[in-house]
Amino acid sequence: MSDPIAASSPSGAPIRLNKKASQLARRGHPWFYRDDLLPGEVLHATMVRVADVEGRDLGLGFTSTVSKLALRLCGSFAGKDVPGREEFFAERLRRAVDRRAGMLGPMDGARLVHGESDGLPGLIVDRYGPVLVLQVTAPFVDRCLDAIVPFLAQLLNAECVVARNDVSARKLEQLPQEVQLLHGRRITETTIIEHGIKHTIRPFTGHKTGFYLDQRPARALVRDLAKGRAVLDLFSYQGGFSLAALAGGARSALAVDQSEDALQLAQQGAEQNELHGLSIQHSNVFDFLRELREGPARFDLVVLDPPAFAKSRRELDGALRGYRDLNRLALRLLTEHGFLLTCSCSHHVTLPMFEDLVRQAAAGLPFRIALRQRLGAGPDHPAWLSLPESEYLKVLLLQRLD
Ligand code: SAH
């Protein structure tokens, strides 16, 4: 019997893309509007077979009739039909987990499913030891949680599975914004170990799914550079970079954030890891930097990791100005040979745009700035070559040259 919510189309035939969209899909683009599809009925929140304008198979896709994104492709799948959802999710989830072999220790934190890059558009799964945190933004995936959750819980021996569906992207799909316990017992706090450092994770209340797992490579770099340095950790959240710096032998670390809770966790983290030299500053970073500008304080290593200022293309100009001002202020705080690790996690700010604004920020300074290294999210957040938007995190290591 066919699965009623995994039907191809009312007639069972694949959904076809028009000529232009077919070309895009062949090049790997996964997102399509209603106008990109040939006429025909599309049901909401289903999994469908997709074919190009000539009828050649393009694999499977998830539909929506309530948002602009009518179809998200999720790659090829054996056979000609639409698989049952149990079969589909088991295959995709198993592969995604297998790709992260080596990151699945009992106290590891890692992203296990990274949406499109893992052939699962609209699904994020992060693992913090015994806790799995899901974030669902595709209506078909939302309808299939009864297949996804038990499978994942068993595969990974999870004691707690949480949905952090309190993200605004769900509004576009008319899905409720909520945080829910989906499986097991309510674990409100757990600990992961990254590069030998313990980080406290609050899956129900922390930012995103609890932690910024994507900055793992940058935290390792900071630890390696920090020895003997005075470190300034701007937009610190719970001090991930500060703890990494202190563990690497930093002389001091000053964590600045507007969230009091996050700063308290930073302090707890320092105690838990027996690290000395952390100070916290509860401030708006823009105000804090303007105040510092007048004074003599300088730092040997500044980390600048602001939130995504450009949530949409419309906000781009303002965001670029904001990033440029911050980078200029941060560069002025460097001691001789000092490092600035500067980050942008806005999808809409591309790497060339980011480098350009950093260049503008450095113009007119009384010293030269070297670009020492480029980093991105860790390998558990695979970017997809044909989807530049999936490479959202840009990190540059700059150094003051005198
Ligand atoms: N560097 C962190 C992640 C930073 S996320 C890590 O690696 O874990 C962005 C942080 O910026 C959040 O903690 C948020 O509370 C804080 N924030 C946002 N706007 C701010 C502002 N104007 N001033 C100070 N903190 C701000």
Side-chain angles (χ1 to χ4, degrees), residues 109-111 126 128 133 164 166-167 191-195 197-203 205-223 225-226 231-248 250 253-270 273 278-292 301-311 315 318-319 321-327 329-330 339-347 349 375-378 380-381 392-397:
R111 174 152 298 185
D126 286 345
Y128 302 105
V133 187
R164 281 300 299 271
D166 47 337
V167 278
T191 303
I192 60 164
I193 300 183
E194 184 193 82
H195 311 125
I197 302 162
K198 293 186 192 123
H199 295 282
T200 299
I201 312 295
R202 292 184 174 163
T205 51
H207 289 187
K208 301 221 293 189
T209 64
F211 195 56
Y212 291 85
L213 285 170
D214 51 0
Q215 287 284 30
R216 175 197 185 94
R219 281 188 290 267
L221 179 64
V222 162
R223 186 200 49 191
L225 291 173
V231 176
L232 176 62
D233 180 6
L234 298 168
F235 302 96
S236 65
Y237 186 46
Q238 51 187 62
F241 282 111
S242 294
L243 300 185
L246 292 171
L254 173 57
V256 187
D257 203 280
Q258 68 185 11
S259 157
E260 191 115 47
D261 287 349
L263 290 171
Q264 260 165 27
L265 271 187
Q267 209 141 39
Q268 276 178 35
N273 288 285
L278 178 73
S279 318
I280 54 171
Q281 172 77 36
H282 181 212
S283 291
N284 179 321
V285 166
F286 287 89
D287 298 341
F288 175 78
L289 285 178
R290 282 188 201 107
E291 274 165 38
L292 276 198
L301 170 56
V302 177
V303 177
L304 180 58
D305 184 21
F309 292 143
K311 295 259 184 331
E315 296 170 359
R321 261 196 311 278
Y323 283 124
R324 195 180 53 220
D325 293 349
L326 280 174
N327 277 278
L329 289 166
F339 286 107
L340 171 64
L341 185 91
T342 181
C343 318
S344 164
C345 58
S346 293
H347 289 267
V349 178
L375 282 86
D380 53 338
H381 294 61
Y392 66 100
L393 180 64
K394 286 105 7 209
V395 180
L396 303 176
L397 178 68

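Just follow the structure's listing: the first ligand is 1, and inside any ligand the first atom is 1. One is the number of the first residue; the rest follow in order along the sequence.
- Ranking the protein heavy atoms by distance from atom 7 (O) of ligand 1 puts F241 CE1, 3.4 Å first.
- Ion pair D380/R216 not flagged as a salt bridge, since none of the NZ, NE, NH1 or NH2 atoms sits closer than 4.0 Å to an Asp/Glu carboxylate oxygen.
- For the pair A262 and ligand 1, no heavy-atom separation below 4.0 Å is found.
- Counting protein heavy atoms only, atom 22 (N) of ligand 1 is closest to N284 OD1, 3.3 Å.
- Of the protein's heavy atoms, D305 OD2, 2.7 Å lies nearest to atom 1 (N) of ligand 1.
- Where the criterion is an N or O separation shorter than 3.5 Å, residue side chain and backbone included, D257 meets it with respect to ligand 1.
- Ligand 1 has a nitrogen or oxygen under 3.5 angstrom from a nitrogen or oxygen of F235.
- The shortest separation from a heavy atom of C345 to ligand 1 is not under 4.0 Å, leaving the residue out of contact.
- In F211, neither the side chain nor the backbone holds a heavy atom less than 4.0 Å from any atom of ligand 1.
- Between the side chain of D126 and the main chain of T209, no donor-acceptor pair closer than 3.5 Å is present.
- Each of the atoms 23 (N), 24 (C) of ligand 1 lies under 4.0 Å from some heavy atom of S283.
- The line from CG of L243 to CD of E194 is 10.0 Å long, rounded to the nearest 0.5 Å.
- The distance from atom CG of L254 to atom CZ of F288, rounded to the nearest 0.5 Å, is 5.0 Å.
- Taking the centre of each ring, F211 and Y128 stay at or above the 6.0 Å mark.
- Of all heavy-atom pairs between F235 and P307, the closest is CD2-CD, 3.6 Å.
- Remark: minimum distance from atom 8 (O) of ligand 1 to any protein heavy atom is reached at Y212 CD1, 3.5 Å.
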So Y212 and D305, side chain to side chain donor-acceptor pair (under 3.5 Å) or not? Walk me through it.
-> CA-CA 11 Å; Y212 291 85; D305 184 21; over 6 Å; no

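- Between the CG atom in L326 and the CZ atom in F309 there is a gap of 5.0 Å [rounded to 0.5 Å].
- For a threshold of 3.5 Å applied to N or O pairs, the pair formed by V285 and ligand 1 contains at least one separation below that value.
- K394 places a side-chain N or O within 3.5 Å of a backbone atom of S346 that can act as its donor or acceptor partner.
- If you look at H207 next to ligand 1, the close heavy atoms, those under 4.0 Å, all belong to the side chain.
- In this structure, R219 counts as a contact residue of ligand 1, since one of its heavy atoms falls inside 4.0 Å of the ligand.
- The shortest N or O to N or O distance between Q258 and ligand 1 is below 3.5 Å.
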